[in-house]
Amino acid sequence: MLDIRLIRARPDFVRERLATRSSELPQQVDDVLKIDSERRQMETRVQQLNAERNKLSKQIGMLRSKKESSAEQESNVRAIGDEIDRLSQASAAAAELQTTLLLGIPNLPHANVPIGADAGANPEVRVWNEKPVFSYQPLDHVELGTKLGLFDLERAVKISGTGFVCFTNLGARLQRGLTQFLLDLQTIENGYVEICPPHLVRRECMVGTGQLPKFEKDAYELEEGQTFLIPTAEVPLTNLYRNEILSYQDLPKYLVAHTPCFRREAGSAGRDTRGLIRIHQFNKVELVKITTPETSYQELEKLTADAEKVLERLDLHYRRIELCTGDLGFSMAKTYDLEVWAPGQGRYLEVSSCSNAEDYQARRMNLKFKDVDGKNRFCHTMNGSGTALARLYVALVETYQQPDRSILIPEPLRDYVGFKEIR
RNA sequence: GGUGAGGUGGCUGAGUGGUCGAAAGCGGCGCUUUGCUAAAGCGUUGUACCUCUAAAGGGUACCGAGGGUUCGAAUCCCUCCCUCACCGCCA
């Protein structure tokens with residue numbers, strides 16, 4: 001969440017930055033400022049009354065110990081108490097409203113993020129390899145997978161409903177080998193610490209990373225909204241140190257986890273309904289970094305490169321785009337998307353989204369560090385997929401299909417999956 | 001799931017209704033002493049918020065969380081969370 005002090009001190013700056021995301025946001029700044037000023041007025045008054053009451057109560061204590069009458073002080077203090085009750089209730093309600101409003105305001109885009117309305121304005125910043133050329137019409141992963149028995153979509157629907165997949169036989173093994181490959185790459189080569197976190201998290205965690213309260217319909221909830229199935233390992237990983245004060249010497253933290261991700265895809269019914277591209281449960285290897293503010297942008301570049309290494313090792317064609325202000329995720333100040341080419345689809349698929357939330361998530365989850373001077377400051381958090389398994393799988397299978405409809409396993413993966421081809 | 005004990009500052013640990021934000025010790029920081037190290041002595045040492053400000057200052061809240069009783073709560077009551085022990089069940 002945004003720093004209320006920044007909003008107070010530089011409201012025009014905040015309004016102007018938010019307007020680059022969406023035109024209705026500046027109004028929310030005014031709403032917060034109004035309630036903030038009302039709240040502070042009441043709070044100040046309550047504190048004055050409390051000071052008065054504390055003074056009188058002490059007098060009462062002293063008078064009683066001297067066996068003197070304190071009737072006058074008692075009646076005064078009772079009157080003050082009533083006033084405090086009334087005012088502090090109002091002030092608490094205002095504080096709650098303020099928090100609610102603040103939680104609903106997205107992060108400020110970083111100054112160097114290109115301004116634009118939607119995905120159409122996202123500039124391409126890097127391209128790797130070229131589109132593979134086929135002498136025939138490449139098949140899509142559903143045809144290939146069905147023919148080779150890599151997964152069973154019909155039976156998955158039977159047991160779980162649309163939007164689920166069941167990997168089978170060599171198809172399941174391919175995913176397992178791919179997962180192991182990704183984890184080894186990020187831990188052994190890139191220095192991330194492997195975490196196997198819970199897949200069910202408390203509500204506060206979802207608030208901490210920004211999924212809640214605004215996007216509750218997108219998540220699978222349990223126990224009447226007290227716990228949620230994670231939509232990404234970003235949630236448990238980033239929240240690992242929630243409510244803690246780390247030492248600057250502990251930073252940066254590099255964390256990686258392989259988990260399933262559960263998404264209801266509430267707003268996207270009817271989109272990408274075929275195959276593995278948009279499903280309710282998919283696996284993902286997620287990278288998270290917790291850093292000082294001074295190094296976060298440099299760390300974001302490195303993190304993005306760490307994710308790109310996956311696609312490069314597998315020799316896939318991809319591009320890196322930067323999200324413009326209108327397309328940025330709620331909690332993020334800057335984001336690069338990695339899109340891999342899927343020949344059977346004839347389009348790029350987003351397999352990683354690498355973002356810096358700056359201190360936006362850290363504020364929501366009260367994650368601080370003690371700097372060299374002993375001052376407590378909010379950490380910066382960033383995350384990116386390294387990468388989403390299901391879509392990587394699609395690109396891999398479609399790119400490495402052979403004229404006889406077998407699939408060649410790229411060299412770096414062979415030891416992991418245990419075979420050179422699937423036919 | 002059952003029963004019992006318990007959650008106090010960076011740590012250990014006192015405190016059972018009134019100058020308690022909280023004794024004491026440890027740790028940390030500063031100064032003094034010192035050939036170095038060590039030790040000793042003295043001082044200092046939480047967070048958030050409000051107000052005011054050039055700076056300083058003043059105030060409020062916080063003893064797991066939330067609510068209640070009371071003129072007044074770390075202390076009494078209720079709910080929840082968590083930890084520990086034992087029992088039951090179980091991958």
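For the numbers below, each heavy atom of this structure counts, side chains included, while hydrogens, waters and symmetry mates do not. Labels below follow one simple rule: chain letters A, B, ... track the order of the sequence lines, proteins then strands, and each chain is numbered from 1.
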Who does A73(B) pair with, Watson-Crick or G-U, both distances under 3.5 Å? none

Can any side-chain N or O of Arg263(A) pair as donor or acceptor with the backbone N or O of Pro231(A) at less than 3.5 Å? yes

Which whole-number value in Å describes the distance from Leu49(A) CG to U51(B) C1'? 15 Å

Would you say Arg39(A) places a side-chain N or O within less than 4.0 Å of OP1 or OP2 belonging to C49(B)? no

Any side-chain N or O of Lys368(A) less than 4.0 Å from the OP1 or OP2 oxygen of A48(B)? yes

U60(B) and A5(B): how far apart are their P atoms, nearest whole angstrom? 38 Å

By the Watson-Crick or G-U definition, both distances under 3.5 Å, U34(B) is matched with none

Any idea how Tyr192(A) and Tyr254(A) line up, ring-wise: parallel (<30°), tilted (30 to 60°), or perpendicular (>60°)? tilted

If I take atom CG in residue Asn243(A) and atom P in nucleotide G10(B), what distance separates them, rounded to the nearest angstrom? 13 Å

Between Gln180(A) and Asp184(A), does any side-chain donor sit less than 3.5 Å from a side-chain acceptor? no

For Arg78(A) and U69(B), give me the distance from atom CZ to atom P, rounded to whole Å. 13 Å

Take atom P in A22(B) and the same atom in U44(B), then report the distance between them in whole Å. 13 Å

Examine distances only and state if a side-chain atom of Glu143(A) and a backbone atom of His141(A) form a donor-acceptor pair shorter than 3.5 Å. no

Evaluation steps, salt bridge (Lys or Arg N to Asp or Glu O under 4.0 Å), between Arg377(A) and Asp359(A): CA-CA 9 Å; Arg377(A) 297 163 65 198; Asp359(A) 65 6; over 6 Å; no

Given C49(B), A61(B), U19(B), which nucleotide is nearest the side-chain atoms of Asn50(A)? A61(B)

By nearest atom, which of the nucleotides C71(B), A61(B), G59(B) is closest to the Asn54(A) side chain? A61(B)

Reading nucleotides 53-58 of chain B 5' to 3', which nucleotides get B (base under 4.0 Å from a protein heavy atom), which S (sugar-phosphate only), which -? ------

Could you state the CD-P distance from Glu96(A) to G67(B), rounded to the nearest angstrom? 10 Å

Closest contact, heavy atoms only, Asp118(A) versus Cys324(A): O-SG, 3.2 Å

Under a 3.5 Å cut-off for both distances, is G21(B) Watson-Crick or wobble paired, and to whom? none

Taking only the C1' atom of each, what is the distance from U33(B) to G17(B) in whole angstrom? 48 Å

Interatomic distance at C1', C87(B) relative to G15(B), whole Å: 35 Å

Rounded to whole angstrom units, what separation is found between the CD atom of Glu83(A) and the P atom of C71(B)? 18 Å

Arg202(A) has a side chain; which of C71(B), C82(B), U51(B) sits nearest to it? C82(B)

Short question: side chain of Ser331(A), backbone of Gln361(A) - any donor-acceptor pair under 3.5 Å? no

Go through the steps to decide whether Lys34(A) and Glu38(A) satisfy the test salt bridge (Lys or Arg N to Asp or Glu O under 4.0 Å), and finish with yes or no. CA-CA 6 Å; Lys34(A) 180 161 176 289; Glu38(A) 289 170 11; 3.3 Å; yes

N-O pairing of Arg320(A) and Glu301(A) below 4.0 Å: yes

For Phe330(A) together with Phe215(A), are the ring centres under 6.0 Å from each other? yes

What's the gap between A61(B) and G7(B) when it is taken at their P atoms, as a whole Å value? 24 Å

Write down the partner of C62(B) under the Watson-Crick or G-U wobble criteria, each distance required to be under 3.5 Å. G46(B)

Complementary nucleotide for G1(B) - Watson-Crick or wobble, under 3.5 Å: C87(B)

First encountered from the 5' end of RNA chain B, between Arg8(A) and Arg53(A): Arg8(A)

Does a donor on one side chain sit under 3.5 Å from an acceptor on the other, for Thr292(A) and Thr295(A)? yes

Taking CG from Leu246(A) and P from G10(B), how many angstroms apart are they, rounded to a whole number? 15 Å

What interatomic distance, in whole Å, is found between C1' of C63(B) and the corresponding atom of A14(B)? 12 Å

Send over the distance from Leu56(A) CG to U60(B) C1', rounded to a whole Å. 16 Å

May I ask you to check whether over 12 heavy atoms, not counting those of Arg405(A), lie within 6.0 Å of atom CZ? no

Rounding to an integer number of angstrom, what distance separates U8(B) and U83(B) when you compare their P atoms? 14 Å

Partner nucleotide, any strand, of C52(B) [Watson-Crick/G-U, under 3.5 Å]: none

Quick one: label Arg45(A) by what it contacts on the DNA or RNA (base, sugar-phosphate, nothing), any heavy atom closer than 4.0 Å. nothing

Please list, for nucleotides 89-91 of chain B, all pairs of protein and nucleotide N/O atoms separated by less than 3.5 Å.
none

Quick one: on RNA chain B, does Ser57(A) or Asn376(A) contact a more 5' nucleotide (nearest heavy atom)? Ser57(A)

Expressed in whole Å, how much space separates the C1' atoms belonging to U45(B) and U53(B)? 25 Å

I need the CZ-P distance between Phe369(A) and G10(B), as an integer number of Å. 18 Å

So, is Arg40(A) close to the U60(B) phosphate, meaning a side-chain N or O under 4.0 Å from OP1 or OP2? no

